[in-house]
Number of protein chains: 2
Amino acid sequence: MTNETMKIPQATAKRLPLYYRFLLNLHSSGKQRVSSAELSEAVKVDSATIRRDFSYFGALGKKGYGYNVNYLLTFFRKTLDQDELTKVALIGVGNLGTAFLNYNFSKNNNTKIEIAFDVDAGKVGTVMGDVPVYHMDELDKKVVEEGIQVAILTVPSAVAQPITDRLVQANIKGILNFTPARLNVPNSIRIHHIDLSVELQSLIYFLKHYPTDTETEEA
Amino acid sequence: MTNETMKIPQATAKRLPLYYRFLLNLHSSGKQRVSSAELSEAVKVDSATIRRDFSYFGALGKKGYGYNVNYLLTFFRKTLDQDELTKVALIGVGNLGTAFLNYNFSKNNNTKIEIAFDVDAGKVGTVMGDVPVYHMDELDKKVVEEGIQVAILTVPSAVAQPITDRLVQANIKGILNFTPARLNVPNSIRIHHIDLSVELQSLIYFLKHYPTDTETEEA
DNA sequence: TGAACTTTGTTTCTATCTTCACAAATAACT
DNA sequence: AGTTATTTGTGAAGATAGAAACAAAGTTCA
């Protein structure tokens, strides 16, 4: 039941980074222990769900006490591979892309945008928020060279598929897709879609059709 | 079973805007009919799931034929209230906020960012991408005045909760929250969280722990 | 030390969502 | 007109997720 190689539920996996971030906060505020009830209040996830989530990794807590913040943090750091840096490329330095370049992902994370690409001559050659911007023509070469595994795709949707094809060729493993395009990729490649206008639309749909209901979770 | 007031599954509701957008594309490309299999290929949702989703609204298709694009489009336009404009406020004109101001939501949608707020004196009083920027002090007054129901929250997480409290006071009904903060609101208010760094982290977790698996859907 | 309190881990139940698989209906073709 | 090919809509089964509830194990405090 507590097998290292066992697959945990996807829903649980999506919550892990949330738990991890909150534990970091607790740690830096000097807190030594925490209960599933406290965690629940903070991350807005039912306490039974949290205990269940944790239990997939074994018995991490102590009855009548709760969880030791340090122990949990160390455990999750290992589980989330926080010690191994994952190199990320940003494709498309438009408004949204620029937001990412200035967003400090590596603060709490093992994640760093190493390189960005765009076709705009005014941007190519510059360094934006610590990240060098290269021309899109160099995409294939650079991604392979740097061994980049993850791409954040913030290009116009018309070019999303051709660029994705090149990323696949260049051995990328995962794509965070912010374009409305639904991409065709071999299924060895994982894509997470974040579709801003769908998010807004569905929020509005819920407002109009599900009045005064419970909260919904994110992407 | 095909009751107008019946609540459809949340999972279905989240896919409706996706279907709607693709139908718009089909329509403008002149296509007259479409099958669930074609739709499936395009939006990457199992065809049985699509037929099931549609069936909550009644029998929209014809056996052996598929769906009439125009009919479907008209139906969804009504269902998604695309004729009634929803006013949206953008709170926090940083990098991410600016991206939204330049993102043309209203193109395919009934949604328009009407007004933006920030504390930066350099931004207050300007018009960014068609949207006037007001000082955060005017938030409460303006939101009530304009009858704004939805807010996109792109402020630093430290101020997310106090600003949310003010939005609640100003009778907002839904919030699209891009800050990492988990907001406390009365449960008459609907919040969708989009947590960019959690998205990136969980993508990476899946890459490392679920090699060569099926695709996952978005928020 | 012992009684009262706390909190986990898990068993069980329930809800929600997805997919299979196929009858029924229609379209297309000869 | 009749035969073959499509494609829907849905019953039934399966898969995944969420929450209640409680015994067991520990903590706290007098």
Side-chain angles (χ1 to χ4, degrees), chain A residues 1-3 6-16 18-19 23 26 31-69 71-72 75 202 206 209-210 213-219, chain B residues 1-3 6-16 18-19 31-69 71-72 75 187 202 206 210 213-219:
Chain A
M1 199 43 84
T2 309
N3 190 325
M6 200 192 65
K7 292 280 171 291
I8 61 168
Q10 296 218 0
T12 296
K14 285 188 177 190
R15 285 187 290 263
L16 295 182
L18 198 57
Y19 299 147
L23 288 171
L26 281 185
K31 212 155 181 322
Q32 298 288 318
R33 61 184 266 193
V34 66
S35 68
S36 62
E38 286 172 279
L39 275 166
S40 172
E41 168 59 24
V43 299
K44 310 283 187 227
V45 171
D46 186 275
S47 70
T49 299
I50 293 177
R51 292 199 299 282
R52 160 83 65 216
D53 283 347
F54 287 4
S55 78
Y56 291 116
F57 300 100
L60 304 178
K62 226 190 284 186
K63 302 189 179 187
Y65 174 88
Y67 300 90
N68 179 287
V69 172
Y71 179 74
L72 217 49
F75 184 85
S202 81
F206 282 118
H209 296 260
Y210 298 70
D213 241 329
T214 36
E215 204 182 340
T216 335
E217 79 307 327
E218 78 273 30
Chain B
M1 199 41 86
T2 309
N3 189 326
M6 199 194 61
K7 293 279 171 289
I8 62 169
Q10 296 218 358
T12 297
K14 286 188 176 189
R15 284 186 291 263
L16 295 182
L18 198 57
Y19 299 147
K31 212 156 183 318
Q32 298 287 320
R33 61 183 267 195
V34 66
S35 68
S36 61
E38 286 173 278
L39 276 167
S40 172
E41 170 57 24
V43 300
K44 310 284 185 224
V45 171
D46 185 275
S47 71
T49 301
I50 292 177
R51 292 199 300 282
R52 166 83 60 205
D53 283 347
F54 287 4
S55 79
Y56 292 116
F57 300 99
L60 303 178
K62 221 190 285 185
K63 301 187 179 188
Y65 173 88
Y67 301 89
N68 179 288
V69 172
Y71 179 75
L72 218 48
F75 184 85
N187 67 2
S202 80
F206 282 118
Y210 297 71
D213 240 329
T214 37
E215 206 182 339
T216 335
E217 79 308 329
E218 80 274 28

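Note that these values count all heavy atoms, side chains included, but never hydrogens, waters or copies made by symmetry. What you are looking at is a predicted structure, and each value in this text was computed from that prediction instead of being measured. In what follows, chains are A, B, ... by sequence order, proteins preceding strands, each numbered from 1.
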Task: Given C:dT26, D:dC22, D:dG18, the nucleotide with the shortest approach to the side chain of A:A11 - done: D:dG18

TODO: Would you please confirm or rule out a distance under 4.0 Å between OP1 or OP2 of C:dT18 and any side-chain N or O of B:T49?
DONE: no

Task: B:Y67 and B:I50, any side-chain heavy atoms less than 4.5 Å apart - done: no

TODO: Classify the nucleic acid contact of A:S36 as base, sugar-phosphate or nothing, counting any heavy atom under 4.0 Å across all strands shown.
DONE: sugar-phosphate

- [ ] State, with a plain yes or no, whether a side-chain heavy atom of B:I8 is found less than 4.5 Å away from one of B:F57.
- [x] yes

Open item on the list: Quick check on C:dG9: is either OP1 or OP2 less than 4.0 Å from any side-chain nitrogen or oxygen of A:Y65?
Closed with: no

Task: Of B:T49, B:L60, B:L16, B:T12, the residue whose pairing with B:F54 passes side-chain contact (heavy atoms from CB on, under 4.5 Å) - done: B:L60

TODO: Measure the distance from CG on B:D46 to C1' on D:dA15 and round it to the nearest whole Å.
DONE: 14 Å

TODO: Would you tell me if any nitrogen or oxygen in the side chain of A:R33 comes within less than 4.0 Å of OP1 or OP2 on D:dT28?
DONE: yes

Open item on the list: Is there a side-chain contact between A:S55 and A:R51 in this structure, where contact means two heavy atoms from C-beta onward sitting under 4.5 Å apart?
Closed with: no

Open item on the list: I need the CD1-C1' distance between A:I50 and C:dT7, as an integer number of Å.
Closed with: 13 Å

- [ ] Measure from OH on B:Y56 to P on C:dT18 and round the result to the nearest Å.
- [x] 9 Å

Open item on the list: Is there a side-chain contact between B:K62 and the phosphate of C:dA27, meaning an N or O under 4.0 Å from OP1 or OP2?
Closed with: yes

TODO: Report the residue (A:G64 or A:D53) whose heavy-atom-nearest nucleotide on DNA chain D is the more 5′ of the two.
DONE: A:D53

TODO: Measure the distance from NZ on A:K14 to C1' on D:dG18 and round it to the nearest whole Å.
DONE: 15 Å

Open item on the list: In this structure, how many angstroms lie between the P atom of C:dT10 and the CZ atom of A:F57, rounded?
Closed with: 14 Å

Task: Base D:dT8 to side chain B:R52, donor-acceptor N/O within 3.5 Å cut-off - done: no

Task: Touch class at under 4.0 angstrom, heavy-atom based, for A:F54 against every strand present - done: nothing

Open item on the list: Rounding to an integer number of Å, can you tell me how far B:K7 NZ sits from C:dT16 P?
Closed with: 13 Å

TODO: Kindly determine whether A:R15 and A:V43 satisfy side-chain contact (heavy atoms from CB on, under 4.5 Å), including the steps that lead there.
DONE: CA-CA 9 Å; A:R15 285 187 290 263; A:V43 299; over 6 Å; no

- [ ] Go through the N and O atoms of the side chain of B:R51 and the base of C:dT18, and report whether any donor-acceptor pair is under 3.5 Å.
- [x] no

TODO: Considering just the side-chain nitrogens and oxygens of A:Y67, establish if one lies under 4.0 Å of OP1 or OP2 belonging to C:dT6.
DONE: no

Task: Residues A:Y19, A:V45; criterion side-chain contact (heavy atoms from CB on, under 4.5 Å); working and verdict - done: CA-CA 10 Å; A:Y19 299 147; A:V45 171; 3.8 Å; yes

- [ ] When you get a sec, tell me which of D:dG26, D:dA17, C:dC17 is the closest nucleotide to the side chain of A:Q10?
- [x] D:dA17

- [ ] Report the nucleotide, chosen from C:dT8, D:dA17, D:dT8, that has the shortest atom-to-atom distance to any side-chain atom of A:S35.
- [x] C:dT8

Open item on the list: Just the rounded figure in Å: distance from P of C:dT8 to NZ of A:K63.
Closed with: 10 Å

TODO: Can you figure out which of D:dT10, D:dC22, D:dA19 approaches the side chain of B:S55 most closely?
DONE: D:dT10

Task: Nearest-angstrom distance from the residue atom OH of B:Y71 to C1' of D:dT8 - done: 14 Å

Open item on the list: Students often get this wrong, so: under 4.0 angstrom with heavy atoms, is A:T12 touching a base, only sugar-phosphate, or nothing?
Closed with: nothing

